[in-house]
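Contents: one structure, followed by commentary.
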Amino acid sequence: MENIRVRFAPSPTGYLHIGNARTALFNWLFARHHGGRFILRIEDTDLDRHVAEAEEVIIQDFAWLGLDWDEGPDRGGPYGPYRQSERIAIYKEYARRLIDCGRAYYCYCTPQELEHSRQMMLSRGQTPQYEGRCLHLSEDQKRAFEQEGRRPSVRFRVLEEAVVVQDLIRGQVSFDGQTIGDFIILRSDGRAAYNFAVVVDDLLMKISHVLRGEDHLSNTPKQILIYQALGAQPPQFGHMPMILGPDRTRLSKRHGATSVSSYRQKGYLPEAIMNYLALLGWSSPDEKEILSREELIQNFTVERMSKSAAIFDLTKLNWMSGCYIRQADRKRLTKECLPFLQERGYIDRQLTDREMSRAEEIVGSLQAKVSYCAQVADLASVYFDDTPSVDQESRIWLETNESIAVMQALEEVLESFSAEELGDGHEVIKGVQDKSGQKGKKLYMPMRVALTGKMSGPELGAIFSLVGRERCLSRVKHILSLAEQLTKHE
RNA sequence: GUCCCCAUCGUCUAGCCCGGUCAAGGACAUCGCCCUUUCACGGCGGUAACGGGGGUUCGAAUCCCCCUGGGGACGCCA
């Protein structure tokens with residue numbers, strides 16, 4: 001293939017949706033795999049919905065994910081401008097051409113009138129479709145409408161019997177021209193409608209392949225019609241499967257986190273998000289699942305895209321993210337976790353070398369247990385909370401004498417050690433074992449609960465060495481007193 | 001309502017184009033065992049799917065038709 005040019009064209013709605021991110025990713029992978037160009041274009045035709053910083057947000061999320069683009073509003077390119085709001089004159093010019101050759105006409109119907117007739121048709125069980133009322137308006141009629149103060153929109157005139165879409169993913173799909181009503185290409189305020197703007201932009205930007213969500217499949221015949229009316233060759237289309245929520249409906253806010261930034265804010269690693277998204281609707285030829293960005297680029301082809309919709313599975317994302325966290329370099333991971341630790345006041349904003357290496361130890365001790373960085377901060381509470389409460393499932397360890405005996409043994413052994421002697425607590429544990437005669441779970445769980453109030457957490461060794469003798473001791477006393485209270489109440 | 005797309009374990013999927021090698025493979029989740037003097041990590045094993053009905057064929061998860069189910073689109077939203 002030659003001169004491959006693909007684009008991602010988001011509307012700046014304030015955040016980058018997970019589904020859009022996947023669309024962007026596949027376009028990017030396609031471009032990088034084939035050595036083509038990846039273009040970012042902002043579809044801000046609808047001023048009403050335009051959010052000022054929205055464009056910036058999208059660009060940031062892109063950068064975070066590691067997607068780079070060759071042409072775009074921020075870096076220019078030979079086919080700019082790359083914002084639709086800056087291309088209004090171009091759309092007008094192309095609409096003019098269609099009017100001149102009889103493939104478009106002015107329509108003076110008001111939104112109210114159109115809504116009314118739509119309802120009428122719907123109630124009669126018909127497909128709502130423009131009836132062509134303004135198709136043959138005389139100059140006098142037009143003037144009369146103008147006098148009324150009506151501003152016309154421009155409609156595309158559909159003449160074709162049938163339109164065939166050659167889809168890269170779905171094969172040949174045909175549409176009956178009869179079912180496509182004359183649609184608006186220029187709104188009455190002069191702005192281009194989506195179906196028109198995309199065509200003009202894709203044409204002028206020499207886009208070779210349009211890979212987008214399946215929800216656009218039924219728009220495609222309209223767009224092909226415009227290409228044809230303009231005497232142009234349409235690009236290759238490929239309609240990708242939708243991403244659904246667990247209830248099998250289109251992924252939306254009520255399914256929870258659906259923006260890329262929400263995952264970034266929780267401290268997911270970008271390569272994990274990229275990897276997971278890549279597997280939604282695509283599979284690698286060797287069935288490998290953990291793929292680096294280079295492997296993704298190398299293996300990506302549209303032939304391996306699936307046709308059926310995929311459910312966004314947070315559980316699997318968390319597993320995959322956990323894989324990346326475990327593989328991550330400790331220093332890097334610590335850097336990613338720092339903001340979360342600071343936010344809770346666990347560590348200072350400015351760190352000495354010593355504090356930094358302490359932070360690395362903390363993160364390292366938790367690395368195998370989390371899926372994303374915010375969880376590190378959750379679990380790190382065991383290093384900072386010296387008066388922990390005992391969670392429900394850990395209560396049972398406060399209720400038996402043999403468990404309490406282990407805790408008491410821990411208290412005594414700890415007291416017999418100096419702060420320097422403690423180290424990673426190995427000797428302490430041995431001492432407690434000797435004293436209590438317990439081993440395994442019955443040895444470890446009481447100690448764990450006495451130290452943290454929880455049944456799970458980092459290695460006891462990490463707790464001993466990072467918390468130190470004094471605080472360990474005060475925690476054990478604290479928990480022991482809680483246990484005492486508990487027994488009294490019974 | 002009309003049009004369009006889709007249909008393999010609970011979930012993501014391989015296999016389908018080029019029918020037999022599929023008593024359907026992998027991954028997540030789940031269950032069990034092992035490792036670890038604990039939870040986790042890791043290792044091993046188990047449960048679990050070709051939506052239904054017709055064809056075509058010696059033979060169908062794979063090809064055809066119908067049904068059902070799900071999704072999408074029908075906007076002066078993108």
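A note on names: the letters A, B, ... follow the listed sequences, proteins ahead of strands, and every chain is numbered from 1. Because the structure is predicted, anything quoted here is derived from the model rather than measured.
Within the structure, the salt bridge (Lys or Arg N to Asp or Glu O under 4.0 Å) test picks out the following pairs touching residues 302-326 of chain A (sequence neighbours left out): Glu289(A)-Lys316(A).
The nucleotide whose nearest atom lies closest to any side-chain atom of Glu214(A) is, among A78(B), C5(B), G1(B), C5(B). Of all nucleotides listed (U37(B), A29(B), C76(B)), A29(B) comes nearest to the side chain of Trp319(A).
Under a cutoff of 6.0 Å and an axis angle of 45°, Lys266(A) and Tyr263(A) form a cation-pi pair. Remark: Arg448(A) is not positioned above the aromatic ring of Tyr444(A), lacking an NZ or CZ atom under 6.0 angstrom from the ring centre and at most 45 degrees off the axis.
Of the residues in residues 170-182 of chain A, those placing a heavy atom less than 4.0 Å from an atom of RNA chain B are Arg170(A), Val173(A), Ser174(A), Phe175(A), in numerical order.
Residue Arg250(A) places none of its side-chain N or O atoms closer than 4.0 Å to OP1 or OP2 of G70(B). Contact annotation: Arg248(A) does not reach the phosphate of G72(B) (side-chain N/O to OP1 or OP2, under 4.0 Å). In this model, the phosphate group of G75(B) is approached by a side-chain N or O of Arg118(A) to a distance below 4.0 Å at OP1 or OP2.
Distance, Ile311(A) CD1 to A27(B) P: 21 Å, rounded to whole Å. Atom-to-atom, CG of Leu460(A) to P of A40(B) comes out at 14 Å; the value is rounded to the nearest Å. Distance, Leu291(A) CG to C12(B) C1': 14 Å, rounded to whole Å. Per the geometry, NE2 belonging to His255(A) stands 14 Å off P belonging to U11(B), to the nearest Å. G26(B) atom C1' lies 11 Å from atom CG of Leu279(A), rounded to whole Å.
Under the 6.0 Å cut-off for aromatic ring centres, His209(A) and Phe26(A) do not qualify, their centroids lying 6.0 Å or more apart. A centroid separation of 6.0 Å or more is found between the aromatic rings of Phe145(A) and Tyr106(A).
Residue-level contact check: Lys307(A) touches the backbone only, with heavy atoms under 4.0 Å from sugar-phosphate atoms and none from bases. Within 4.0 Å of His239(A), counting heavy atoms only, lies no atom of the nucleic acid at all.
Between the side chain of Ser284(A) and the backbone N or O of Lys288(A) there is at least one donor-acceptor pair closer than 3.5 Å.
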